[in-house]
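Worksheet: the structure to be examined is printed underneath.
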Amino acid sequence: MSACKTLVRSSISFFQFQTRSSYRRSFSFHISSNFSSFRPLPLLSLNPALRIEPCRDPSRRYGSTQGAISLETSEEMAVPRVAVESPEEKSKDTVEELLYNKDDVSKLMKMERRPDTDCLGHQERWFPYLDKVKAGNLYLGSSEILEAVTPYIMDSRKERFRHAVKNRTYSVCLVVEGLSDFGNVSATFRSADALGIQSVHVVACDSSKRYRENRHVSMGAEKWLDIELWDSVHECFKVLKSRGYRIATTHLGMDTVSVYDMDWSCPTAIVVGNELRGISDEALGSSDLHCSIPMKGMVDSFNVSVAAGLLMHHAVCDRTSRLGCHGDLTSEESRILLAEFSLRHNDNAIRIAQEYAERKIAELKSKL
């Protein structure tokens, strides 16, 4: 038996793994001419104590046994296994689920929002939040929220929030229309967050596509953005125009304006379209202008997520050149958005704020 074990160990590097639909592995090995008198060992059929467990992609060939198979000589010996999170568990709170459930999207935003009937058109720059949030049966202001929640947040995280809020703007927003690849949607979200574009709008995604393979693309950026979902271009553009935005659709045509010739200090909604069809005719007809990124090569278009990133990056650079900075929130707006981020930071933040409010009420009653 010891000789058999030695023979197995010396020749096992020649094993060739093959994948079958039943996920069983069959293998063969070659014996050198010096051992021609020995017959191949029928490991799988005659020695049940030897167990083979694939630890990597079964379609890959392995040149050595390390990490590829596990040989055990006793049934009582423990076989190491890797805990893998199920797709159902990983898919929770993904961009795909958010985009098909408006209630989940609205739950991401904690502070009370201004109603669309309160839009001031071109008279004032749009900011979506009111300075209050409901905590139980009570309403708290942003200052009270920060007083209640801040002690529970690490200093490094608080500094990250302050830095992000300082560089945030609602003067530029992104609209993605009819994208069918949720990887592209997630990539645009990630770019928007990285470049300080707080507001993102999604119009009529294609429900036939799956996001599961690209669930990590956004890197959690959707948690920190204001995402609004729309069923039609008409509805989305109508609200955006009432908020004071001009609509700039990306399109190649006779009346197209180079993005380098645009004044991005004006409130602008950048619209990117479907990966294959581009911007819809309805969106083109309802927009205020058509813009494009000048191309220097043989192809005439970028990947949609790349184009969105380039457009937003140029908008940031142009605004910084004209205004001195990209972020343009007032001190009050910054405080409100900082409170919003603090509430989004942890699922228990609202409960902490509610307990804070109850203690304040108890203190006031004790003084009466």
Side-chain angles (χ1 to χ4, degrees), residues 87 90-102 104-105 108-109 160 163-164 167-230 233 236 240 247-252 259 264 268-280 283 291-295 297 299-319 326 341 344:
K90 280 192 174 183
S91 64
K92 293 180 180 179
D93 297 330
T94 61
V95 172
E96 181 181 14
E97 291 186 351
L98 288 174
L99 297 186
Y100 290 124
N101 193 331
K102 290 187 177 182
D104 286 351
V105 173
L108 284 178
M109 294 174 274
R160 188 77 173 267
H163 177 74
N167 293 281
R168 278 306 206 247
T169 186
Y170 286 91
S171 295
V172 177
C173 70
L174 176 68
V175 180
V176 292
E177 185 213 2
L179 295 189
S180 57
D181 187 336
F182 283 98
N184 283 331
V185 178
S186 297
T188 60
F189 285 1
R190 183 174 178 180
S191 296
D193 174 69
L195 293 168
I197 309 296
Q198 181 65 24
S199 179
V200 177
H201 303 258
V202 181
V203 182
C205 280
D206 185 349
S207 61
S208 66
K209 299 294 182 180
R210 292 172 66 87
Y211 171 75
R212 199 171 296 278
E213 293 80 5
N214 301 287
R215 67 171 75 88
H216 298 305
V217 176
S218 70
M219 296 296 289
E222 66 275 4
K223 180 177 181 179
W224 309 107
L225 298 173
D226 293 356
I227 302 171
E228 297 184 63
L229 308 183
W230 305 95
V233 169
C236 176
L240 287 175
I247 311 297
T249 52
T250 52
H251 175 68
L252 287 174
V259 295
W264 291 93
T268 304
I270 309 170
V271 186
V272 295
N274 181 269
E275 294 87 347
L276 297 177
R277 300 183 299 273
I279 300 289
S280 67
C291 65
S292 68
I293 304 171
M295 307 293 294
V299 298
D300 60 0
S301 65
F302 289 100
N303 169 274
V304 63
S305 62
V306 173
L310 290 172
L311 286 164
M312 289 186 287
H313 181 265
H314 177 69
V316 171
C317 293
D318 183 81
R319 288 172 52 79
H326 169 60
F341 279 11
R344 294 189 192 188

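The first residue of the sequence shown is numbered 1, and numbering continues consecutively from there.
- The line from CG of Leu195 to OG1 of Thr169 is 12.0 Å long, rounded to the nearest 0.5 Å.
- Judged by distance alone, with hydrogens and angles left aside, the side-chain atoms of Glu177 form no donor-acceptor pair with the main-chain N or O of Ala283 at under 3.5 Å.
- Considering all non-hydrogen atoms of both residues, Leu252 and Ser292 come closest at CD2-CB, 3.8 Å.
- Ala269 approaches Leu240 most closely through the heavy-atom pair CB-CD1, 4.0 Å.
- Side chains of Ile279 and Val271 form a contact here, defined as non-hydrogen atoms less than 4.5 Å apart.
- Expressed to the nearest 0.5 Å, how far SG of Cys236 lies from CD of Glu228 amounts to 8.0 Å.
- In terms of heavy atoms, Trp264 sits closest to Asp318 at N-OD2, 3.0 Å.
- In this structure, Gly273 and Leu179 approach most closely via the heavy-atom pair O-CD2, 2.9 Å.
- Ala192 and Val200 get closest at one heavy-atom pair: CB-CG2, 3.9 Å.
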Worked check of side chain to side chain contact (heavy atoms under 4.5 Å, CB included) between Leu174 and Phe189 = CA-CA 9 Å; Leu174 176 68; Phe189 285 1; 5.6 Å; no
Start with the C-alpha gap between Asn167 and His163, add the side-chain angles, then the distance that decides, and say whether side chain to side chain contact (heavy atoms under 4.5 Å, CB included) holds.
-> CA-CA 7 Å; Asn167 293 281; His163 177 74; 3.6 Å; yes
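- The CD atom of Gln198 lies 9.5 Å from the CD1 atom of Ile227; values are rounded to the nearest 0.5 Å.
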Check the pair Arg168 / Trp224 against side chain to side chain contact (heavy atoms under 4.5 Å, CB included), numbers first and verdict last.
-> CA-CA 11 Å; Arg168 278 306 206 247; Trp224 309 107; 4.1 Å; yes
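- Ser191 places no side-chain N or O within 3.5 Å of a backbone atom of Thr188 that could act as its donor or acceptor partner.
- Residues Ile293 and Ala307 approach most closely at CD1-O, 3.9 Å, considering heavy atoms.
- Atom CD1 of Ile270 sits about 7.5 Å away from atom SG of Cys291, to the nearest 0.5 Å.
- Distance check, rounded to the nearest 0.5 Å: CE of Met295 to CG of Asp300 gives 7.0 Å.
- Residues His326 and Ile197 meet the side-chain proximity criterion, which asks for heavy atoms closer than 4.5 Å.
- The aromatic rings of Trp230 and His201 lie parallel to each other, their planes meeting at an angle below 30°, with 60° marking the opposite boundary.
- Atom CG of residue Asn303 and atom CG of residue Asp181 lie 8.0 Å apart, to the nearest 0.5 angstrom.
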